[in-house]
Amino acid sequence: LNIYSDVLMNSRFLEENLVNHYDIKCDNFLIYSVDPHATASSLYNQSSDIPNFSVCLADFGESLVYTNADAGYSTDNRGTEFIKSPEMLLIAYAAQVERETYDRRKHAGARATSDIWPLGCLFYELLTGEFLFYDNDWVKFFIRVTSDPELITEERQRALGNNPDLIGFLNFVLIKDAHYRPKILDVINRLNILKQKIANQYQAREAQRKLEAAAAAAEAAVAERAAVATAAAAQSTGTHEEEEVTTNVDDSGVNANSQPKNDEEKAEVKPEEEDKIKSKEEEEKLKKE
């Protein structure tokens, strides 16, 4: 859109200096760097939405230079076929003497407003790389531009992402009746409004994207903390169970857990075992004696 804004400034210069170009299209614009250190790579691969080059219009082979508004009127069929305004397309047809509705008193031609029409075509071409009204069938093309109420087909709208603001801008510029077609200043003002809307939409999308990214990061952090807590709890539980199952063995090799832990357990020794212990103690005394 910033490049297109530069294109409109070129067209405004032509109108202010009484020049009708009649062949405004992307192929007839040259670019020149505003940065003396810019390379060819930096020109063709822009790193910002503000281009590091400017454009200038060339190829004035079809143009008309005039001194007053009445003189800025052409009855010659000029320009590239698929960007011609409806009135320019009708010039050749209107000049056919053999047609039934021919009237030599009526002069069919194109004025400065005829250069507004291709600006709409260029807008589409700049965004998509294709001609807006190109058709292999010339008759279909002619009817679409001059009389068909459906000027911008669904296919062309899809190429613009079905963006209502872009489509609305084209409908504003591409008025078939030259008397009602906007002036260059109207187009410039409308573009400035469009640029602001697109910028606002972009900022809103960026803000929404950042919010979604922040929410996703927060959710991931919560999930990570929950996973760490779960793992720690599982490890603690496993250690506790292992401590309960593991038995402690003393230096003599006797299971410490199997030994009596207090006097009550010692008191639970059977009488038979007590007799055996006493008899052993008596035997040891006799041996000593």
Applying salt bridge (charged side-chain N to carboxylate O under 4.0 Å, His left out), which residue pairs with at least one partner in residues 167-185 are found, sequence neighbours left out?
E87-R181

Would you indicate whether the side-chain heavy atoms of L43 and N52 approach each other to under 4.5 Å?
yes

Using 0.5 Å steps for rounding, measure from the CD atom of Q157 to the CG atom of L170.
9.5 Å

Applying ring pair (Phe, Tyr, Trp, His ring centres under 6.0 Å), name anything that partners F82, two or more places apart in sequence or on another chain.
Y134, F141

Do you know the tightest heavy-atom contact between D49 and P51?
O-CD, 3.4 Å

Working to the nearest 0.5 angstrom, can you tell me the gap between M88 CE and T80 OG1?
11.0 Å

Here the pair of heavy atoms bringing Y66 nearest to N68 is CD1-O, 2.9 Å

Measuring from atom CD1 of I31 to atom CG of D6, what distance do you get when rounded to the nearest 0.5 angstrom?
11.0 Å

Given S74 and N20, is the side chain to side chain contact (heavy atoms under 4.5 Å, CB included) satisfied, shown in steps?
CA-CA 9 Å; S74 176; N20 295 343; over 6 Å; no

Rounded to the nearest 0.5 Å, what separation is found between the NZ atom of K140 and the CZ atom of F133?
16.0 Å

If you round to the nearest 0.5 Å, how far is CD1 of I83 from CG of L132?
11.5 Å

Derivation and outcome, side chain to side chain contact (heavy atoms under 4.5 Å, CB included), residues I152 and L160
CA-CA 11 Å; I152 305 174; L160 293 173; 5.5 Å; no

Would a single hydrophobic cluster contain both I193 and Y4, if residues Ile, Leu, Val, Met, Phe, Trp and Tyr are joined by side-chain heavy-atom contacts under 4.5 Å?
no

So which pairs with a foot in residues 194-205 pass salt bridge (charged side-chain N to carboxylate O under 4.0 Å, His left out), sequence neighbours left out?
D165-K197

Inspect the contact between R209 and E206 and indicate whether a charged nitrogen and a carboxylate oxygen are less than 4.0 angstrom apart.
yes

Not counting sequence neighbours, list each pair that qualifies as a salt bridge (charged side-chain N to carboxylate O under 4.0 Å, His left out) and has a residue in residues 142-164.
R144-D148

Quick check: is V222 connected to V228 through a chain of hydrophobic side chains (ILVMFWY, heavy atoms under 4.5 Å apart)?
no

In Å and rounded to the nearest 0.5 Å, what is the CG to CD1 distance from L14 to I184?
9.0 Å

Going by chain and number, the hydrophobic cluster around I175 (ILVMFWY, side chain to side chain under 4.5 Å) further includes Y180

Please tell me whether F60 and F29 are part of a single hydrophobic cluster in this structure, the criterion being side-chain heavy atoms less than 4.5 Å apart.
yes

I want to check something: taking the side chain as every heavy atom from C-beta on, are L194 and L191 in contact at a cut-off of under 4.5 Å?
yes

May I have the list of side-chain donor-acceptor pairs in residues 110-123 shorter than 3.5 Å, sequence neighbours left out?
| unit_1 | atom_1 | unit_2 | atom_2 | d |
| --- | --- | --- | --- | --- |
| R111 | NH1 | A69 | O | 3.4 |
| S114 | OG | S85 | OG | 2.6 |
| D115 | OD1 | Y22 | N | 2.8 |
| D115 | OD2 | H21 | N | 2.7 |
| W117 | NE1 | K84 | O | 3.2 |

Quick check on E16: does its CD atom have over 12 non-hydrogen neighbours (other residues, nucleotides or ligands) under 6.0 Å away?
yes

Evaluate D137 against F142 for side chain to side chain contact (heavy atoms under 4.5 Å, CB included), listing each step before the verdict.
CA-CA 9 Å; D137 189 331; F142 181 85; over 6 Å; no

What's the shortest heavy-atom distance between V19 and S63, and which atoms?
CG1-CB, 4.4 Å

Return yes if some donor-acceptor pair links the side-chain N/O of S147 with the main-chain N/O of I143 below 3.5 Å, else return no.
yes

Side-chain touch Q201/N163, heavy atoms, less than 4.5 angstrom:
yes

Kindly indicate, with the supporting measurements, whether the criterion side chain to side chain contact (heavy atoms under 4.5 Å, CB included) is fulfilled by D76 and L64.
CA-CA 10 Å; D76 295 331; L64 172 67; over 6 Å; no

Within a strict 4.5 Å, meaning less than it, do heavy atoms of the D23 and R78 side chains meet?
no

May I ask you to test the V187-F169 pair for a side-chain heavy-atom distance under 4.5 Å?
yes

Identify whether V55 and L30 are in the same connected component of the hydrophobic contact network (ILVMFWY, side-chain heavy atoms under 4.5 Å).
no

For Y202, does the OH atom sit with more than 12 other heavy atoms under 6.0 Å from it, leaving out its own atoms?
no

Testing the basics here: between P182 and D186, what is the closest heavy-atom pair and its distance to 0.1 Å?
CB-CB, 3.8 Å

Does any N or O in the side chain of N10 come within less than 3.5 Å of the main-chain N or O of L57, such that one atom is a donor and the other an acceptor?
yes

Do Q196 and N200 get their side chains close enough for a donor-acceptor pair, meaning under 3.5 Å?
yes

Spell out, yes or no, whether I3 and M9 are grouped together once hydrophobic residues are joined by side-chain heavy atoms under 4.5 Å, including indirect joins.
yes

Within 6.0 Å of CD1 in I50, more than 12 heavy atoms from elsewhere
no

